[in-house]
Amino acid sequence: MPVRPYSEKTWFSPKYVINELASGAVHRDAKNIKHLKEAWVCAVGLICRAKIEPDEWWIQIPKQDPPDVLAMRLVPTADGLGQQLSELKVEVFEINDHDSETVQASVERKLRGKDYSGMMVIGFVRRKGGFDHEEVASHLKDLKPMAGSVSLIVFEEQGNTNITFIQLFPEAVKFKADFGAFCKTTSQKDFIDMRRATRIVLEDSATTDLLTMVP
């Protein structure tokens, strides 16, 4: 089966990214699993974000870190005759049971002394127990972090694909989203190839080629 090499022109849909992690985990792709997990967090975060800011997002793992992940959407040009790429840098971190500190302390530690201006920072909370998101959001607002936005995704229910999206900064927002349902119903192509800045070439999502997502 042909394998397409990594290309900075190729951007992947959130659905493809989520399925790629499942495939990588099944095949124990230890070399790339960290990058696939980061892209998965980004994909789920963008699926949630699209509920409040409707947009079709695309994802790419860059050759150089930081950022952990790149996301982009296509914005119509002023004359309405084409589209331009609007890029978003995404930084990902994890809060797990090995951390003895509070969720608020973990978020503050991630942001302290760092410049994430214009970036979307997403934390994946993999720790049992609740926390007061409004209190954390209020604390962050006082800290005035250098970040475009700071959000958390949390599994509050077991055995399904419902996930809680919590934006902490710049404003507190909390809601649930089913990323599994999104993946089943989306009509978005698996990937697009950006051959020119203002011309998008949609590839056949039914291709049998193996695509390379990790550089």
Side-chain angles (χ1 to χ4, degrees), residues 1-27 29-51 53-93 115-122 124 147-149 151 153 179 182-215:
M1 185 179 296
V3 177
R4 297 191 186 186
Y6 173 88
S7 172
E8 293 178 324
K9 296 179 181 178
T10 304
W11 296 81
F12 299 91
S13 70
K15 173 186 174 180
Y16 185 90
V17 171
I18 288 170
N19 290 339
E20 190 72 0
L21 174 61
S23 175
V26 167
H27 294 92
D29 191 352
K31 178 183 176 182
N32 294 327
I33 201 70
K34 176 180 180 294
H35 294 297
L36 294 175
K37 285 182 177 179
E38 291 171 342
W40 182 93
V41 171
C42 175
V44 172
L46 291 175
I47 289 171
C48 294
R49 178 168 169 165
K51 288 193 67 175
E53 297 178 357
D55 258 316
E56 188 173 76
W57 287 97
W58 301 91
I59 295 168
Q60 184 182 95
I61 298 174
K63 287 184 176 181
Q64 293 186 335
D65 179 356
D68 294 320
V69 190
L70 288 173
M72 72 91 172
R73 59 193 178 96
L74 299 173
V75 181
T77 55
D79 59 13
L81 299 177
Q83 294 175 307
Q84 292 180 330
L85 184 153
S86 177
E87 193 173 278
L88 175 66
K89 295 178 180 179
V90 181
E91 181 73 15
V92 173
F93 69 106
D115 188 352
Y116 297 122
S117 299
M119 297 177 64
M120 183 179 184
V121 181
I122 310 176
F124 184 18
S149 67
S151 304
I153 56 174
F179 65 87
F182 170 89
C183 290
K184 291 178 181 178
T185 60
T186 181
S187 60
Q188 187 175 2
K189 296 285 187 178
D190 281 350
F191 63 99
I192 56 174
D193 187 3
M194 298 288 296
R195 297 193 186 280
R196 276 188 252 160
T198 58
R199 181 170 178 265
I200 313 307
V201 179
L202 292 179
E203 297 286 357
D204 183 2
S205 62
T207 180
T208 57
D209 289 359
L210 292 176
L211 303 175
T212 304
M213 198 171 76
V214 181

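Since we're looking at a predicted model, the values are computed, not measured.
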_Reported CD-to-CG distance for the pair Glu56 and Leu46, which is rounded to 0.5 angstrom_ = 12.0 Å

_Does Phe182 form a side chain to side chain contact (heavy atoms under 4.5 Å, CB included) with Lys51? I'd like the steps, not just the answer._
CA-CA 11 Å; Phe182 170 89; Lys51 288 193 67 175; over 6 Å; no

*Quick one: NZ on Lys37 to CG on Asp68, what's the gap to the nearest 0.5 Å?*
13.5 Å

*asked:* I need the minimum non-hydrogen distance between Leu70 and Glu87, along with the two atoms involved.
replied: CD2-OE2, 3.6 Å

*To the nearest 0.5 Å, how far apart are CD1 in Ile33 and CG in Leu21?*
5.0 Å

*Would you give the length of the straight line joining atom CG of Leu211 to atom CG of Asp190, rounded to the nearest 0.5 angstrom?*
8.0 Å

*With side chain to side chain contact (heavy atoms under 4.5 Å, CB included) as the test, would you mind laying out the steps for Ser13 and Trp58 before giving the verdict?*
CA-CA 5 Å; Ser13 70; Trp58 301 91; 4.0 Å; yes

_For Asp55, all residues meeting salt bridge (charged side-chain N to carboxylate O under 4.0 Å, His left out), sequence neighbours excluded_ = Arg73

*Of the non-hydrogen atoms in Pro67 and Glu91, which two are nearest, and what is the gap between them?*
CA-OE1, 4.3 Å

_For the backbone of Pro62 and the side chain of Glu8, can you confirm whether one donor and one acceptor N or O come within less than 3.5 Å of each other?_
no

*Any sub-3.5 Å donor-acceptor pair from Tyr16's side-chain atoms to Ile59's backbone N or O?*
no

*Which distance, rounded to the nearest 0.5 Å, do you find between the CZ of Phe12 and the NZ of Lys189?*
15.0 Å

*Work out which heavy atom in Gly45 is nearest to a heavy atom in Met120; give both atom names and the distance.*
O-CE, 4.3 Å

*Do you know the tightest heavy-atom contact between Ala147 and Val121?*
CB-CG2, 4.2 Å

*If only atom types and distance count, is the side chain of Asn32 paired as donor or acceptor with the main-chain N or O of Val214 below 3.5 Å?*
no

*Does a side-chain heavy-atom distance below 4.5 Å link Gln188 with Pro14?*
yes

*Any idea which heavy atoms bring Tyr6 and Ile61 closest together, and the distance?*
OH-O, 2.7 Å

*Closest heavy-atom contact between Met213 and Ala39?*
CE-CB, 4.2 Å

*If only atom types and distance count, is the side chain of Ser151 paired as donor or acceptor with the main-chain N or O of Ile122 below 3.5 Å?*
no

_Which residues share a ring pair (Phe, Tyr, Trp, His ring centres under 6.0 Å) with Phe124, sequence neighbours left out_ = Trp40

*When rounded to the nearest 0.5 angstrom, what distance separates CH2 in Trp57 from OG in Ser86?*
6.0 Å

*Quick one: does Thr186's side chain get under 4.5 Å of Ile47's, heavy atoms only?*
no

